Amino acid sequence: QSENDRQSYNASVTRNDTMGEKGSYNVTVSYNRRDLTNDGTTDTRYVDVPTGETVLSQHIAQASSQKSDGLFATARLQW
């Protein structure tokens, strides 16, 4: 999976089996990894209308990144 030209990965493994005539079970383990970045800019200009004078002119540049790993496991028994 790709978001903003960055890759995200997921993998899962599942095992289903029986316990003789007593029942069955399944186990699933999943892993995921995300790597995201966000960039942005904001330009603000305030003008005093009667004089036409600029009272504020600012440029804000922002950048952030997020990396995360996740592990999830679940199991079910049936008898």
Side-chain angles (χ1 to χ4, degrees):
Q1 179 180 349
S2 177
E3 184 175 334
N4 294 335
D5 295 326
R6 305 288 260 184
Q7 294 297 313
S8 296
Y9 301 97
N10 302 296
S12 293
V13 176
T14 300
R15 167 75 185 213
N16 297 298
D17 206 347
T18 60
M19 301 177 292
E21 293 185 22
K22 294 182 179 181
S24 63
Y25 68 91
N26 66 38
V27 177
T28 300
V29 177
S30 299
Y31 170 78
N32 63 61
R33 169 172 280 186
R34 293 184 62 174
D35 183 3
L36 302 174
T37 59
N38 289 310
D39 300 321
T41 60
T42 302
D43 292 302
T44 304
R45 183 174 174 222
Y46 290 105
V47 175
D48 182 28
V49 175
T51 65
E53 181 181 339
T54 299
V55 294
L56 174 69
S57 180
Q58 70 181 16
H59 175 82
I60 299 172
Q62 298 172 315
S64 66
S65 65
Q66 174 187 4
K67 293 183 180 187
S68 64
D69 293 303
L71 182 63
F72 176 78
T74 184
R76 185 181 79 175
L77 297 173
Q78 255 182 303
W79 64 90

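As the structure is a prediction and not an experimental result, all values here were calculated from the model.
Between atom OG1 of residue T41 and atom CD1 of residue I60 there is a gap of 10.0 Å, rounded to the nearest 0.5 Å. Rounding to the nearest 0.5 Å places CG of L36 at 9.0 Å from OG of S64. The CG atom of L56 sits 4.5 Å away from the CD atom of Q58 when rounded to the nearest 0.5 Å. Distance check: Q66 CD to N38 CG gives 8.5 Å after rounding to the nearest 0.5 Å. For the atom pair CG of L71 and OG of S30, the computed distance is 8.0 Å after rounding to the nearest 0.5 Å. Rounding to the nearest 0.5 Å gives a distance of 10.5 Å between OG of S24 and CH2 of W79.
Counting all heavy atoms, side chain and backbone alike, D39 lies closest to A63 at OD1-CB, 3.3 Å. Y25 approaches T18 most closely through the heavy-atom pair CE2-O, 4.2 Å. The two residues M19 and Q78 make their nearest non-hydrogen contact at CE-O, 4.1 Å. Listed here is the closest heavy atom pair of N26 and N16: CB-OD1, 2.6 Å. For S65 against T37, the heavy-atom pair with the smallest separation is CB-CG2, 3.9 Å.
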_Test salt bridge (charged side-chain N to carboxylate O under 4.0 Å, His left out) applied to R33 and D35, step by step_ = CA-CA 7 Å; R33 169 172 280 186; D35 183 3; over 6 Å; no
*Using the side-chain hydrogen bond (donor to acceptor under 3.5 Å, both in side chains) rule, take T14 and T28 through it: C-alpha gap first, then chi angles, then the decisive distance, then the call.*
CA-CA 4 Å; T14 300; T28 300; 3.2 Å; yes
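Y9 and V29 are not part of a single hydrophobic cluster, where members link through side-chain heavy atoms under 4.5 Å apart.
Other residues, nucleotides and ligands place more than 12 heavy atoms under 6.0 Å from the OH atom of Y31.
Salt bridge annotation for R45-D43: absent, with no cationic side-chain nitrogen under 4.0 angstrom from a carboxylate oxygen.
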